[in-house]
Peer 1: 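The structure follows.
Residue numbers begin at 1 in each chain, while the letters A, B, ... track the order of the sequences.
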Amino acid sequence: MGTQRGGEQYDSFGEGCFQSQLGFIFCDSQWKRDSNAMEDKQFELRKSKLEELRAMGIDPYANGFTPEHTAGELVSLHASKSPEELEQVEDLFSLAGRIVSKRDFGKSAFFHLSDRTGQIQGFMQKNSIDEKTYTLFRKLLDVGDFAGVRGELFKTRTGELTVRVRELFFLTKALRPLPEKWHGLQDVETRYRQRYLDLIANQRTKEIFKTRSKVINLIRRFLDERDFLEVETPVLHPIAGGATAKPFITHHNALDMDLYLRIAPELYLKRLVVGGLERVYELGRTFRNEGVSTKHNPEFTMIEFYQAYATYEDLMNLIEELVCYVVENTVGDTLFEYEDKKIDFKRPWNRINIYEALREKFGSEITEDDQFLFARADSMGINHNGIKGKALTEIFEALFEDSLVNPTFVYGFPLDVSPLARKNDDDPEVVDRFELYIYGREIANAFSELNDPIDQKKRFTDQVEMKEKGEDEYHEMDNDYVSALEYGMPPTAGAGIGIDRLVMLLTNSSSIREVIFFPHLRP
RNA sequence: GAGCCGUUAGCUCAGCUGGUAGAGCAACUGCCUUUUAAGCAGUGGGUCACAGGUUCGAAUCCUGUACGGCUCACCA
């Protein structure tokens with residue numbers, strides 16, 4: 001404080017300020033972390049322990065220790081054994097991991113070691129290991145450090161399977177302390193910005209991402225078994241096509257041209273169907289330059305798949321099967337709770353026609369009399385830009401979306417909001433398209449593909465006209481895609497599923513940021 | 001983009017209608033050979049997000065900024 005302002009302290013204080021100001025030039029938010037690094041006592045202490053280790057000839061970042069066992073493996077193989085049975089097991093086991101707790105009794109000590117499979121307790125006794133190692137463990141090994149151990153198994157008085165350490169290897173010194181052991185890491189911002197800390201401190205986070213990985217795996221397995229081919233198409237697009245959304249724009253220097261990060265892989269996948277790859281899918285990142293919310297991240301993961309000789313109705317069945325397959329192999333039960341509601345995935349799922357739902361609510365005027373429709377939309381505050389289909393779907397969403405808790409297929413989409421979908425054979429005003437809603441959220445979008453190149457060209461032209469009407473979300477003309485269709489695309493149906501939102505449901509996560517390792521945040 | 005709320009020790013949180021900061025965990029020094037949120041005794045640690053303002057006096061009241069959360073809008 002003020003009274004401590006002796007010459008020496010004042011000098012070091014001044015130096016710290018200078019460093020901070022340097023940091024400030026580059027990044028404001030970095031300032032706090034940098035200045036902490038300079039001043040934090042625990043950090044400095046751990047650094048001095050590191051130097052002490054080096055002085056003793058111990059590499060605090062040593063390589064070369066190869067664990068032959070894992071915590072999970074030892075627990076599942078030996079935890080049920082009695083103490084007597086364990087005494088018969090004379091093998092030495094070797095493990096490596098992070099020290100996550102330490103209980104020191106002076107002449108003996110307990111700790112827990114954590115690896116990818118779980119945790120196991122270790123025990124050290126002064127008289128069963130050389131004194132140097134024992135002192136090292138007590139004085140220089142901190143919670144957070146990585147270590148390798150070798151020893152035999154036994155059971156403590158309380159019955160916990162424990163490794164009696166005969167050899168200890170320093171593997172990595174942690175210079176910063178771990179988050180608190182009991183409450184974990186709560187601060188949402190730190191959890192997202194420093195996800196590694198979240199993963200260390202919060203078991204649930206690890207479980208969420210394991211589930212995410214499993215979901216992706218299951219989807220691949222499901223489609224592979226049905227003879228789909230996984231493919232990769234460009235992320236950099238000369239035309240942002242396949243959906244109506246605002247793209248991220250980037251620039252190719254050598255060609256001096258703007259490119260767009262893909263808003264959907266759709267048009268490239270259908271080119272592959274033209275090429276004879278009758279069943280294809282792509283699972284990957286898609287980018288949309290729009291708002292960030294609990295349900296939106298600028299980059300998100302979706303799967304799109306296309307199946308020749310299938311219709312949108314076939315895809316309803318396929319998606320039911322696929323999603324149920326994923327649910328059964330992750331949650332385990334087709335009925336489970338999400339947030340405040342129970343969701344029942346039992347098949348068959350409900351199917352609702354947009355037009356019928358609206359006619360039931362308002363009478364046939366709503367779908368036949370444009371004046372009535374637009375008046376209704378206006379009264380609900382819907383921005384329709386004179387586009388009938390937009391007014392219809394928005395009215396539907398406003399009124400029904402929230403009630404679609406159990407998986408529901410919504411179909412009968414209007415033509416003018418579906419520039420890539422095939423016209424319905426009975427009603428040219430609507431297309432053979434559906435969306436899957438779960439818990440009031442759109443999870444999937446699918447349709448029988450428009451494979452008539454002349455119709456497709458006209459649809460693109462209509463979209464360009466909508467742009468001129470002032471609609472900021474429209475589909476651009478893609479002549480290259482039209483010419484692909486001119487070579488002939490077999491009748492095909494395709495679907496896109498939002499993986500992040502599906503994982504949210506399966507992990508009971510209320511925000512999309514909980515299911516993306518590094519969600520978008522301001523720098 | 002708009003509204004509301006938040007930011008206090010490494011972590012989790014208190015801090016009433018203004019009187020220049022507290023706890024638990026972690027850390028440090030001791031003691032302790034079966035603990036597991038180990039225990040006991042002691043110690044250190046804070047530009048209370050940042051910048052202004054009001055005031056004799058601000059973590060507390062006001063304004064602005066940054067970052068975050070929630071809701072809404074656009075969308076998947």
Peer 1: Provide the distance between the two P atoms, one in B:C61 and one in B:G18, to the nearest whole Å.
Peer 2: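 The same atom, P, in both gives a distance of 8 Å.
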Peer 1: When you get a sec, tell me which of B:C74, B:G69, B:C32 is the closest nucleotide to the side chain of A:Phe105?
Peer 2: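 Among the listed nucleotides, the one closest to the side chain of A:Phe105 is B:C32.
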Peer 1: Just name whichever nucleotide pairs with B:C50, Watson-Crick or G-U, keeping both distances under 3.5 Å, else none.
Peer 2: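 Pairing partner, where one exists within any strand: B:G64.
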Peer 1: Any base atoms under 4.0 Å from A:Thr294, or only sugar-phosphate, or nothing? Heavy atoms, all strands.
Peer 2: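 Here A:Thr294 touches the backbone only, sparing every base.
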Peer 1: Please report the closest heavy-atom contact between A:His475 and A:Ala243, naming both atoms and the distance.
Peer 2: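 Nearest heavy atoms, A:His475 then A:Ala243: CD2-O, 3.6 Å.
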Peer 1: Is A:Tyr134 touching bases, backbone alone, or none of the nucleic acid, heavy atoms closer than 4.0 Å?
Peer 2: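 No contact.
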Peer 1: Nearest whole Å is fine: how far is B:U34 P from A:Asn127 CG?
Peer 2: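 The answer, rounded to whole Å, is 12 Å.
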Peer 1: Quick check: does any side chain N or O of A:Gln463 sit under 3.5 Å from a backbone N or O of A:Glu476, one acting as donor and the other as acceptor?
Peer 2: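 Checking the backbone N and O of A:Glu476 against the side chain of A:Gln463, no donor-acceptor pair under 3.5 Å is found.
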Peer 1: Would you classify A:Gln186 as touching base, sugar-phosphate or nothing, given that sugar-phosphate means primed atoms plus P, OP1 and OP2, and contacts are heavy atoms under 4.0 Å?
Peer 2: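 It contacts sugar-phosphate atoms only.
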Peer 1: Is it the case that the side chains of A:Gln121 and A:Arg103 hold a donor-acceptor pair, with the cut-off being a distance below 3.5 Å and no angle test?
Peer 2: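 Distance-only check passes for A:Arg103 and A:Gln121.
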Peer 1: CD of A:Gln42 versus C1' of B:G45: gap in Å, rounded?
Peer 2: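 It works out to 9 Å between those atoms.
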Peer 1: Using the P atoms only, state how far B:U12 lies from B:G1, rounded to an integer number of Å.
Peer 2: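 It comes out at 29 Å once rounded to the nearest Å.
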Peer 1: Classify the ring geometry between A:Phe137 and A:Phe111 as parallel (under 30°), tilted (30 to 60°) or perpendicular (over 60°).
Peer 2: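 Tilted: the ring planes of A:Phe137 and A:Phe111 meet at 30° to 60°.
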Peer 1: State whether A:Lys49 places a side-chain N or O below 4.0 Å from either non-bridging phosphate oxygen (OP1 or OP2) of B:C28.
Peer 2: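 So the side chain of A:Lys49 is within the cut-off, an N or O lying under 4.0 Å from OP1 or OP2 of B:C28.
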Peer 1: What does A:Arg288 touch in the nucleic acid at a heavy-atom separation under 4.0 angstrom: a base, only the sugar-phosphate, or nothing?
Peer 2: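 If one applies the 4.0 Å heavy-atom cut-off, A:Arg288 turns out to touch a base.
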Peer 1: Tell me: NE2 of A:His520 to P of B:C67, nearest whole Å?
Peer 2: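 About 11 Å, once rounded to whole Å.
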Peer 1: Classify A:Gly498 by what it touches in the nucleic acid, base, sugar-phosphate, or nothing, heavy-atom distance under 4.0 Å.
Peer 2: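 Touches nothing.
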Peer 1: Going by purine N1 to pyrimidine N3 plus the second Watson-Crick contact, or the G-U wobble pair, all under 3.5 Å, which nucleotide sits opposite B:C4?
Peer 2: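 Checking every strand shown, B:C4 finds its partner in B:G69, with both distances under 3.5 Å.
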Peer 1: Is a donor-acceptor pair below 3.5 Å formed from side chain A:Glu180 to base B:G24, judging by atom type as modelled?
Peer 2: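 When only heavy-atom distances are counted, A:Glu180 does reach the base of B:G24 through a donor-acceptor pair under 3.5 Å.
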Peer 1: Would one find a side-chain N or O of A:Arg522 under 4.0 angstrom from OP1 or OP2 of B:A66?
Peer 2: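 Looking at the OP1 and OP2 atoms of B:A66, neither is under 4.0 Å from any side-chain N or O of A:Arg522.
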Peer 1: What's the closest nucleotide to the side chain of A:Arg164 if the choices are B:C74, B:U35, B:U34?
Peer 2: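 Nucleotide nearest to A:Arg164's side chain: B:U34.
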Peer 1: Check whether A:Phe154 forms a cation-pi arrangement with A:Arg164 (NZ or CZ under 6.0 Å from the six-membered ring centre, at most 45° off the ring normal).
Peer 2: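 Pair A:Arg164/A:Phe154 counts as cation-pi.
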Peer 1: Between B:A26 and B:G10, how many Å separate the two C1' atoms, rounded to a whole number?
Peer 2: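 It comes out at 7 Å once rounded to the nearest Å.
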Peer 1: Heavy-atom nearest nucleotide on RNA chain B for A:Phe110 versus A:Ala444: which residue maps closer to 5'?
Peer 2: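 Closest to the 5' end, via its nearest nucleotide, is A:Phe110.
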Peer 1: Whom does B:U17 pair with, Watson-Crick or G-U wobble, provided both distances fall under 3.5 Å?
Peer 2: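 By the stated definition (distances under 3.5 Å), nothing pairs with B:U17.
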Peer 1: How many Å lie between NZ on A:Lys102 and C1' on B:C25, as a whole number?
Peer 2: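 Those two atoms, NZ and C1', are 16 Å apart.
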Peer 1: Under a 3.5 Å cut-off for both distances, is B:C31 Watson-Crick or wobble paired, and to whom?
Peer 2: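 Here B:C31 is engaged in a pair, and the nucleotide opposite it is B:G39.
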Peer 1: Establish whether the base of B:U34 is bridged to the side chain of A:Ser108 by a donor-acceptor pair shorter than 3.5 Å.
Peer 2: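 Answer is no: no donor-acceptor pair is held.
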Peer 1: To the nearest angstrom, how far is A:Gln194 atom CD from B:G68 atom C1'?
Peer 2: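 That distance rounds to 14 Å.
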Peer 1: Taking only the side-chain nitrogens and oxygens of A:Arg513, find out if one of them lies under 4.0 Å from OP1 or OP2 of B:G69.
Peer 2: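 So the side chain of A:Arg513 is within the cut-off, an N or O lying under 4.0 Å from OP1 or OP2 of B:G69.
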Peer 1: Which is true for A:Asp104 with a 4.0 Å heavy-atom rule: it touches a base, it touches only sugar-phosphate, or it touches nothing?
Peer 2: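 It contacts base atoms.
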Peer 1: If you check the A:Trp182 side chain, which of B:A37, B:G68, B:U34 turns out closest?
Peer 2: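 Nucleotide nearest to A:Trp182's side chain: B:A37.
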Peer 1: Quote, to the nearest angstrom, the P distance that separates B:C48 from B:A58.
Peer 2: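 Result for the P pair: 12 Å, nearest Å.
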Peer 1: Using a heavy-atom cut-off of under 4.0 Å over every strand shown, decide if A:Leu521 touches base, sugar-phosphate, or nothing.
Peer 2: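 A:Leu521: backbone/sugar contact only, no base atoms under 4.0 Å.
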Peer 1: Assign A:Gly184 to base, sugar-phosphate, or nothing according to its heavy-atom contacts below 4.0 angstrom with the strands shown.
Peer 2: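 Since only primed, P, OP1 and OP2 atoms lie under 4.0 Å of A:Gly184, the category is sugar-phosphate.
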Peer 1: For B:G69 versus B:C13, give the span between their P atoms, rounded off to a whole number of Å.
Peer 2: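 That atom pair is separated by 16 Å.
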Peer 1: When the distance from NZ of A:Lys41 to P of B:U43 is rounded to whole Å, what number comes out?
Peer 2: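 After rounding, the gap between these two atoms is 16 Å.
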Peer 1: Pick the P atom in B:U20 and in B:C70, then give their distance to the nearest Å.
Peer 2: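 My reading of the P atoms in B:U20 and B:C70 gives 37 Å.
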Peer 1: Does a side-chain N or O of A:Ser293 approach OP1 or OP2 of B:U71 to a distance below 4.0 Å, or not?
Peer 2: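 Negative; the distance criterion is not met.
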Peer 1: Looking for any heavy atom pair under 4.0 Å, which part of the strands does A:Gln121 touch: base, sugar-phosphate only, or nothing?
Peer 2: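 It contacts base atoms.
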Peer 1: Could you give the distance separating B:U17 and B:G53 at their P atoms, to the nearest angstrom?
Peer 2: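 Rounded to whole Å, the distance is 25 Å.
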Peer 1: The side chain of A:Phe154 is closest to which nucleotide in this list: B:U34, B:G10, B:U35?
Peer 2: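 Out of B:U34, B:G10, B:U35, the nucleotide with an atom closest to A:Phe154's side chain is B:U34.
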Peer 1: Which pairs with one or both residues in residues 493-523 of chain A pass ring pair (Phe, Tyr, Trp, His ring centres under 6.0 Å), sequence neighbours excluded?
Peer 2: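 Residue pairs with at least one partner in residues 493-523 of chain A: A:Phe209-A:Phe517.
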Peer 1: Of the options A:Ile497, A:Thr286, A:Asp500, which is the one that meets A:Thr301 in a side chain to side chain contact (heavy atoms under 4.5 Å, CB included)?
Peer 2: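 In the set A:Ile497, A:Thr286, A:Asp500, the residue that makes a side chain to side chain contact (heavy atoms under 4.5 Å, CB included) with A:Thr301 is A:Asp500.
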Peer 1: Could you walk me through whether A:Tyr312 and A:Phe447 pass the ring pair (Phe, Tyr, Trp, His ring centres under 6.0 Å) check?
Peer 2: CA-CA 5 Å; A:Tyr312 77 118; A:Phe447 38 86; 9.6 Å; no
Peer 1: Quickly work out the A:Phe518 CZ to B:G68 C1' distance and round it to whole Å.
Peer 2: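 The answer, rounded to whole Å, is 18 Å.
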Peer 1: Is the distance from OP1 or OP2 of B:A26 to the nearest side-chain N or O of A:Lys181 less than 4.0 Å?
Peer 2: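 True: A:Lys181 side-chain N/O within range (under 4.0 Å) of B:A26 OP1/OP2.
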Peer 1: Is A:Glu304 touching bases, backbone alone, or none of the nucleic acid, heavy atoms closer than 4.0 Å?
Peer 2: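 Answer is nothing: A:Glu304 stays at 4.0 Å or more from every strand.
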Peer 1: So A:Leu45, base contact, sugar-phosphate only, or nothing? Heavy-atom distance under 4.0 Å.
Peer 2: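 Here A:Leu45 touches the backbone only, sparing every base.
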Peer 1: Can you tell me the base-pairing partner of B:A26? Count Watson-Crick or G-U wobble geometry only, both distances below 3.5 Å, and say none if there is no partner.
Peer 2: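 When the pairing criteria are applied, nothing turns out to pair with B:A26, so the answer is none.
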Peer 1: Base, sugar-phosphate alone, or nothing: which one does A:Asn383 contact when heavy atoms must sit under 4.0 Å apart?
Peer 2: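 Since no nucleic acid heavy atom lies under 4.0 Å of A:Asn383, the category is nothing.
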Peer 1: If you take all heavy atoms of A:Lys173 and A:Asp145, which pair is closest and at what distance?
Peer 2: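 Looking at all heavy atoms of both residues, the shortest contact is NZ-OD2, 2.7 Å.
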Peer 1: Could you measure between the two C1' atoms, the one in B:G24 and the one in B:G39, and give it in whole Å?
Peer 2: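 Approximately 15 Å lies between the C1' atom of B:G24 and that of B:G39.
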Peer 1: In whole angstrom, what separates A:Ile200's CD1 from B:G10's C1'?
Peer 2: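 About 14 Å, once rounded to whole Å.
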Peer 1: What is the pairing partner of B:G44, taking Watson-Crick or G-U wobble pairs with both distances under 3.5 Å in any strand?
Peer 2: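 In the structure as shown, B:G44 has no Watson-Crick or wobble partner.
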Peer 1: For A:Leu185 and for A:Arg138, find the nucleotide of RNA chain B with the closest heavy atom, then tell me which residue's nucleotide is more 5'.
Peer 2: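 With A:Leu185 and A:Arg138 compared, the 5'-side residue is A:Leu185.
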Peer 1: Ignoring backbone atoms, test whether A:Arg103 places a side-chain nitrogen or oxygen under 4.0 Å from the OP1 or OP2 oxygen of B:U35.
Peer 2: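 No, because none of the side-chain N or O atoms of A:Arg103 sits under 4.0 Å from OP1 or OP2 of B:U35.
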Peer 1: Counting only pairs under 3.5 Å, give me each side-chain donor-acceptor contact of residues 392-408 of chain A, with atom names and distances, residues two or more places apart or in other chains.
Peer 2:
| from | atom 1 | to | atom 2 | distance (Å) |
| --- | --- | --- | --- | --- |
| A:Thr393 | OG1 | A:Gly389 | O | 2.9 |
| A:Thr393 | OG1 | A:Lys390 | O | 3.2 |
| A:Ser403 | OG | A:Phe400 | O | 2.6 |
| A:Asn406 | OD1 | A:Asp344 | N | 2.8 |
| A:Thr408 | OG1 | A:Asn406 | O | 2.7 |

